[in-house]
Number of protein chains: 2
Amino acid sequence: MNTLEPAPAALQTLAQDFREALRHSVYLVRRLDAEGELSAAQLSTLKMLLGDGVRVGEIARNLGVRVPSATEQIIKLEKAGLVRRDPDPDDSRAVRVVLTAEGRAAVDSANERRNAVMAGILETLTDDDRRALAAALPVIEKINGTLHN
Amino acid sequence: MNTLEPAPAALQTLAQDFREALRHSVYLVRRLDAEGELSAAQLSTLKMLLGDGVRVGEIARNLGVRVPSATEQIIKLEKAGLVRRDPDPDDSRAVRVVLTAEGRAAVDSANERRNAVMAGILETLTDDDRRALAAALPVIEKINGTLHN
DNA sequence: GTTCATAGTTAGGTAGCCTAACAGTTAGGG
DNA sequence: CCCTAACTGTTAGGCTACCTAACTATGAAC
């Protein structure tokens, strides 16, 4: 659209290719998550709780989902004994979700298992490949950051 | 685990970081798909049909889903008038799924819209960022390729 | 010409997301 | 004060996209 850009065609191509790569990666993420005791959504939720108690709204915002979706995950996790819902001392409307000891253990083991699978894949790459990947990571994170408005 | 590796810790870290980046990217993909006339699953299915007629099993394999899931998508697309199911002349058990003219148009427009959004994001990066990203793309594709067994 | 394998559909179930409607709590203005 | 508006979270109901199991129909092998 903008003829002042140096190489708009290259940008389009990169956009297309990157988008395609991400689309395929969704399947990879799916496979990493498939054989786990914890679903992707649950693991993401738990990870967020590693600090102190977190409110439901904040969990939803960080996950990029609506509040009811976060509530749903939290209820499942609570039933599984991985989180606890404490009343917020400062605001009795709010809830502070905190990890239980089991929850913490579950995060650790799920993370380790997934990382091991990914490390296994990365092991098959060349050093140059891994360097290129590492160099692009901050960029990908920057792109992902676009989401947080 | 393997002490013979030159830098196992770095590999673990890269695995962890890359996994994290991909996990976040799922939300980006979700956003790209959200405001579209075509769902992600439908667009992926349609894209695969740009060549000649493709069999249901092949579509499922390429999408990384089971055959009934592919059937389900195809039926929806057929109802929307975007694909046709022709009998396979060589094997009457099989079905050849082909794009209709509307289907082709839908792929094009959906692709263009999504690419434009992604290009808009990439535009905000530096040249170095884009170079790093472009360099990593083949690596990411290689990793994704791991899926196809 | 049974028997076994293969291609696809149908049926029924689950996870994870959504919006709309609700209940309880807080905060501000008359 | 209290009444209204804003906010936090839950409940209810619905959708999409996946799954497994069971089925139909055709093809292949012997």
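All chains are named by letter (A, B, ...) in the order of the sequence lines, taking the proteins before the strands, and each is independently numbered beginning at 1.
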Review point. For DNA chain C, whose closest nucleotide is more 5', that of Gln42(A) or that of Ile75(B)?
Key: Ile75(B)
Review point. Does Ala41(A) or Gly57(B) map to a spot on DNA chain C nearer the 5' end, using the closest nucleotide for each?
Key: Gly57(B)
Phosphate OP1/OP2 of [N] contacted by [X] side-chain N/O (<4.0 Å):
X: Ser92(B); N: dG27(D); result: yes
X: Ser69(B); N: dC19(D); result: yes
X: Gln73(B); N: dT16(D); result: no
X: Ser39(A); N: dG16(C); result: yes
X: Arg66(B); N: dT20(D); result: yes

Rounded to the nearest angstrom, tell me the gap between atom [atom1] in [X] and atom [atom2] in [N].
X: Lys76(B); N: dC18(D); atom1: NZ; atom2: C1'; value: 10 Å
X: Asp90(A); N: dG9(D); atom1: CG; atom2: P; value: 13 Å
X: Leu43(B); N: dT16(D); atom1: CG; atom2: C1'; value: 16 Å
X: Asp86(A); N: dG9(D); atom1: CG; atom2: C1'; value: 15 Å
X: Glu58(B); N: dA7(C); atom1: CD; atom2: C1'; value: 13 Å
X: Ile74(A); N: dA15(C); atom1: CD1; atom2: P; value: 17 Å
X: Leu63(B); N: dT16(D); atom1: CG; atom2: P; value: 18 Å
X: Arg61(B); N: dG8(C); atom1: CZ; atom2: C1'; value: 14 Å

Review point. Taking it one step at a time, do Ile140(B) and Ile140(A) satisfy side-chain contact (heavy atoms from CB on, under 4.5 Å)?
Key: CA-CA 12 Å; Ile140(B) 296 176; Ile140(A) 296 176; 4.1 Å; yes
For the side chain of [X], counting heavy atoms from C-beta on, which of [options] is nearest?
X: Thr71(A); options: dG9(D), dT26(C), dA17(D); answer: dG9(D)
X: Val65(A); options: dC17(C), dG8(C), dA12(D); answer: dC17(C)
X: Val56(A); options: dG8(C), dC19(D), dG9(D); answer: dG9(D)

Check your understanding: Base, sugar-phosphate, or nothing: which does Val67(B) touch, judged by heavy atoms less than 4.0 Å apart?
Key -> base
Exercise for review: Answer with base, sugar-phosphate or nothing: what part of the nucleic acid does Asp88(B) contact at a heavy-atom distance below 4.0 Å?
Suggested key: nothing
Practice item. Look at the side-chain heavy atoms of Ile, Leu, Val, Met, Phe, Trp and Tyr, link any pair under 4.5 Å apart, and say whether Leu46(A) and Ile75(A) land in one connected group. Key: no
Check your understanding: How far apart are the C-alpha atoms of Leu49(B) and Val98(B), what are their side-chain angles, what is the distance that settles it, and do they pass the side-chain contact (heavy atoms from CB on, under 4.5 Å) test?
Key -> CA-CA 6 Å; Leu49(B) 304 175; Val98(B) 298; over 6 Å; no
Practice item. Show your reasoning for whether side-chain contact (heavy atoms from CB on, under 4.5 Å) applies to Lys47(A) and Asn111(A). Key: CA-CA 9 Å; Lys47(A) 268 191 197 162; Asn111(A) 260 331; 3.2 Å; yes
Check your understanding: Under 3.5 Å, is there an N or O donor on one side and an acceptor on the other linking the side chain of Arg93(A) and the base of dT26(C)?
Key -> no
Check your understanding: Would you say Arg66(A) has more than 12 foreign heavy atoms packed within less than 6.0 Å of its CZ?
Key -> no
Check your understanding: Just by distance, do the side chain of Thr100(A) and the backbone of Gly103(A) share a donor-acceptor pair under 3.5 Å?
Key -> yes
Check your understanding: When you match Glu72(A) and Val95(A) each to their closest nucleotide on DNA chain D, which lands nearer the 5' end?
Key -> Val95(A)
